[in-house]
2 protein chains.
Amino acid sequence: MDTREIAQVRRFNRVVTQAVGALDQSYLERGRPLGEARLLFEIGADGAEARALRARLGLDAGYLSRLLRSLEAQGLIEVVPGRPDARRRRASATTTGRAEIAAYDALSDRLAASLLAPLDPARRARLVAAMGEVERLLSAAAVEIAPEPPASAEAQWCLGSYFRELADRFEGGFDPAADRSAPAADLAPPNGLFILARLGGEPVGCGALKRIDDATGEIKRVWTAPPARGLGLARRILDRLEAEAGRMGFAVLRLDTNKALTEAHALYLKAGYREIGRFNDNPYAHRWFEKRLAG
Amino acid sequence: MDTREIAQVRRFNRVVTQAVGALDQSYLERGRPLGEARLLFEIGADGAEARALRARLGLDAGYLSRLLRSLEAQGLIEVVPGRPDARRRRASATTTGRAEIAAYDALSDRLAASLLAPLDPARRARLVAAMGEVERLLSAAAVEIAPEPPASAEAQWCLGSYFRELADRFEGGFDPAADRSAPAADLAPPNGLFILARLGGEPVGCGALKRIDDATGEIKRVWTAPPARGLGLARRILDRLEAEAGRMGFAVLRLDTNKALTEAHALYLKAGYREIGRFNDNPYAHRWFEKRLAG
DNA sequence: TCCATTCTCTGACTTTAGTCAGATTCTTTG
DNA sequence: CAAAGAATCTGACTAAAGTCAGAGAATGGA
């Protein structure tokens with residue numbers, strides 16, 4: 001990687017840690033340790049499950065339990081057994097708690113404003129725009145792609161969203177039940193593979209491989225959640241699928257697409273796929289592609 | 001301030017704290033607490049005075065002393081009485097220490113690279129560019145402007161740099177000794193005021209006010225350090241001088257400039273100054289301006 | 001020279017953050 | 001319904017970070 005790029009990232013880190021770090025410190029103003037403040041803020045007005053809090057803040061189960069107890073003792077939250085699963089406890093803010101959260105919220109607003117305040121409107125607008133760009137691209141870089149059982153709740157959520165989108169966009173609609181081309185079992189080892197893209201634990205995209213014969217695999221279910229589009233995620237999913245396909249011994253990858261999915265055509269062509277004749281009887285397919293894997 | 005701008009800043013903070021925070025944690029990899037690691041890194045290959053370290057890291061004197069002792073015990077640094085003032089102790093890295101610093105440096109590089117790694121080259125370039133913009137503008141916003149005794153070392157550094165620049169740019173050069181228009185005493189209360197702009201403690205610009213008569217002040221010595229140009233700093237200095245002038249009871253401000261300083265002309269015109277006839281006998285001045293203060 | 005001031009050091013603390021090994025409670029599965 | 005597994009809780013720790021008061025050295029100015 002370019003030395004100058006790295007140097008820029010490091011300068012950025014330095015400046016931003018200072019600016020944003022000051023913000024963090026200010027949470028102490030309300031006389032509560034940072035850990036508790038962050039937790040309360042994370043619980044928010046809507047409440048949250050202990051499990052989710054642990055994942056989001058990266059806390060030890062014992063430590064979280066203690067923090068919750070402390071917030072409860074301060075009368076800011078109450079923790080009740082969850083439903084339907086009583087083991088998963090749910091924390092939600094009391095009225096006092098909500099007021100306190102609002103106070104932290106106002107504090108955050110004030111501090112964000114104080115970052116911008118010294119700048120004139122034109123520079124302020126430029127800063128905000130650049131922050132948006134950084135935020136979006138850093139998020140993109142933080143997306144993690146990993147194999148996932150196709151039957152998992154998150155995989156199913158992606159597939160469901162994907163199917164709904166197809167139903168929306170295909171001329172004649174789309175009926176998942178009519179698409180017998182890739183039942184979940186075909187997308188799990190040893191015959192296939194399902195991969196999931198996650199951002200901060202939340203699913204934001206997926207893709208799958210399915211065996212056609214020993215040398216040939218098929219790409220299926222490549223999808224990106226709408227808020228994560230424009231970040232090159234589909235391409236990363238495709239690249240990952242190709243790498244996994246190589247590992248699984250496939251020399252050739254095929255796929256089909258519907259004519260409504262124009263951005264998919266562009267993606268596949270750019271990734272080195274060439275159009276071929278119909279190789280399956282998928283009723284929703286209009287175009288078919290193939291790529292010979294290198295190595 | 002615009003709600004949407006604030007919301008964007010807060011989203012930015014959230015994402016960046018995550019990304020950069022992970023980076024911070026990685027400093028622990030070398031088996032040394034974060035505080036010590038940061039301190040060692042801050043001492044750097046060139047060494048630093050205890051005083052400066054305390055200021056930069058915001059540490060308690062006792063705490064710093066303990067941290068230094070610990071690094072010393074590890075053979076990474078040595079702390080010796082400073083010269084000429086033996087109270088101001090100076091820490092510098094030993095050979096072992098320098099190697100350790102280099103290791104932290106390499107770690108930082110690796111982690112910066114890992115932020116960029118998942119992105120394709122085009123998006124990577126966009127991210128780096130946006131980071132540059134954010135870094136620069138956040139720095140600009142972090143500049144603090146405050147009154148300063150004109151005789152202080154930092155004020156003198158600014159004036160020295162300013163005079164050197166004038167000597168460079170004026171057609172016939174510039175001789176500070178020949179400019180009797182604003183001796184230091186005239187730029188301090190009650191007759192005047194000197195203000196200094198600082199970024200992270202370092203001076204990056206200055207400006208001054210001088211009394212002409214009870215109702216009239218003169219703007220002098222408005223200067224921005226070259227690395228801080230393009231950030232609207234001169235305008236902020238000017239605005240601050242005007243505010244202070246109002247507080248000092250001046251109703252009118254005047255100033256003169258040399259024809260070589262074209263950017264200064266633009267600044268003054270934009271700030272509402274109008275050109276007037278010669279009001280002094282400054283041999284270096286070619287144009288004269290005046291502004292009536294509001295309120 | 002003396003005295004106030006500046007800077008650092010030391011000892012004695014406290015608070016925060018975090019870890020880990022069971023114990024407890026609830027749910028799911030055979 | 002028993003057993004296994006999941007989620008949380010409790011108690012007993014440790015390490016890191018930070019605070020504060022006072023002591024001690026060095027300096028600058030009267």
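Model, not experiment: these values are computed from the prediction. Labels below follow one simple rule: chain letters A, B, ... track the order of the sequence lines, proteins then strands, and each chain is numbered from 1.
Salt-bridge annotation for A:Asp186 and A:Lys220: absent, with no side-chain N of the basic residue lying under 4.0 Å from a carboxylate O of the acidic one. By the 4.0 Å N-to-carboxylate-O rule, B:Glu144 lies too far from B:Arg198 to be salt-bridged with it. Between B:Glu100 and B:Arg32 a salt bridge is recorded (basic side-chain N to carboxylate O distance below 4.0 Å). Electrostatic pairing of A:Arg14 and B:Glu42 counts as a salt bridge here, judged by a charged N lying under 4.0 Å from a carboxylate O. Using a cutoff of 4.0 Å between basic side-chain nitrogens and carboxylate oxygens, B:Arg38 and B:Asp24 are scored as salt-bridged. Salt bridge annotation for B:Arg56-B:Glu202: absent, with no cationic side-chain nitrogen under 4.0 angstrom from a carboxylate oxygen.
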Between B:Asp105 and B:Arg98, is the salt bridge (charged side-chain N to carboxylate O under 4.0 Å, His left out) condition met? List the steps. CA-CA 10 Å; B:Asp105 209 59; B:Arg98 268 193 291 275; over 6 Å; no
Base versus backbone protein contacts along nucleotides 4-9 of chain D [heavy-atom cut-off under 4.0 Å; B, S, -]: -BBSSS
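Here chain A contacts DNA chain C (any atom closer than 4.0 Å to a heavy atom, that is under 4.0 Å), and the contacts span C:dT16 to C:dT27 from 5' to 3'.
Residue A:Leu34 contributes atom CG, which lies 14 Å from atom P of D:dA17 at whole-angstrom precision.
Between B:Leu59 and B:Ala86, the residue whose closest nucleotide on DNA chain D is further toward the 5' end is B:Leu59.
Listed by chain and number, the residues in a side-chain hydrogen bond (donor to acceptor under 3.5 Å, both in side chains) with B:Arg236 amount to none (sequence neighbours excluded).
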